[in-house]
Amino acid sequence: MSRKDASPGQKESAAERRQQSMHLRKMGKSYRAIGKELGISEAQAHRDVVFVIKSITALTQDSAREHQALELERLEMAMSAIASSVEKGHLQAIDRWVRLCESRRKLLGIDAPAKQEINSAIAFNNDNYQTMDAAELSRLYTATIRDPGTN
């Protein structure tokens with residue numbers, strides 16, 4: 001009998017077995033021990049636990065998307081409420097608009113942090129850098145960053 005044709009009793013017993021497998025795994029049992037205790041193979045115990053984890057993950061992701069949509073609606077409502085004041089040039093409204101835009105970009109991940117490349121090949125060709133004060137080191141570092149070939 002294929003899985004699609006499984007009777008409701010078999011589906012319920014599989015769901016119960018998955019929950020038991022997950023419970024035993026949370027208790028620290030190995031997949032082999034779970035399989036032995038539930039009368040299933042080690043591989044089936046692993047599949048059961050993975051199934052439960054994927055189900056939980058999917059629910060969490062759905063919840064996060066719903067929360068994001070709700071927050072976007074709230075931001076849009078706030079922006080609509082102050083739009084006419086922004087158009088009239090009221091500075092407080094413009095400031096609030098900018099903050100709302102920042103929140104919106106952050107929520108949508110538009111303002112994701114820019115990737116910074118770290119160049120560990122920067123070398124100071126001045127043997128006396130150990131005797132330099134902080135300002136001199138800062139100037140040398142800044143110059144090296146701007147034009148690595150000059151130092």
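What you see below is based on every heavy atom in this structure, not just the backbone, and it leaves out hydrogens, waters and symmetry mates.
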To which residues is Val49 joined in a hydrophobic cluster, defined by side-chain heavy-atom contacts under 4.5 Å among Ile, Leu, Val, Met, Phe, Trp and Tyr, whether direct or through other members?
-> Met22, Leu24, Tyr31, Ile34, Leu38, Ile40, Val52, Ile53, Ile56

With sequence neighbours excluded, tell me which residues meet side chain to side chain contact (heavy atoms under 4.5 Å, CB included) with Ala64.
-> none

With sequence neighbours left out, the residues meeting salt bridge (Lys or Arg N to Asp or Glu O under 4.0 Å) with Glu37 are Lys29

Would you say the side chain of Ile82 lies within less than 4.5 Å of the side chain of His90, judging by non-hydrogen atoms?
-> no

For Leu91, does the CG atom sit with more than 12 other heavy atoms under 6.0 Å from it, leaving out its own atoms?
-> no

The side chain to side chain donor-acceptor pair (under 3.5 Å) partners of Arg17 (sequence neighbours excluded) come to Asp48

Please list all pairs passing the side-chain hydrogen bond (donor to acceptor under 3.5 Å, both in side chains) test where one or both residues lie in residues 78-87, with sequence neighbours left out.
-> none

Distance, nearest 0.5 Å, that separates OG of Ser30 from NZ of Lys36 | 10.0 Å

CD (Gln44) and CZ (Arg18) are apart, to the nearest 0.5 Å, by 7.5 Å

Arg105 CZ to Leu107 CG distance, which is reported to the nearest 0.5 Å | 12.0 Å

Other than Val50, which residues form its hydrophobic cluster under the rule that side-chain heavy atoms must be closer than 4.5 Å?
-> none

Nearest-0.5 Å distance, OG of residue Ser63 to CD of residue Gln68 | 11.5 Å

Listed by chain and number, what are the salt bridge (Lys or Arg N to Asp or Glu O under 4.0 Å) partners of Arg96, not counting sequence neighbours?
-> none

Looking at NE2 of His23 and NZ of Lys26, how far apart are the two atoms once the value is rounded to the nearest 0.5 Å?
-> 7.5 Å

ring-ring contact (aromatic ring centres under 6.0 Å, His included) pairs, two or more places apart, involving residues 50-77 | none

Identify each donor-acceptor pair in which a side-chain atom of residues 71-79 lies under 3.5 Å from a protein atom, sequence neighbours left out, and give them as a table.
residue	atom	partner	partner atom	Å
Glu71	OE2	Arg74	NH1	2.6
Glu76	OE2	Arg104	NE	2.7
Glu76	OE2	Arg104	NH2	3.3

Here the gap from Leu100 atom CG to Asp95 atom CG, rounded to the nearest 0.5 Å, amounts to 9.5 Å

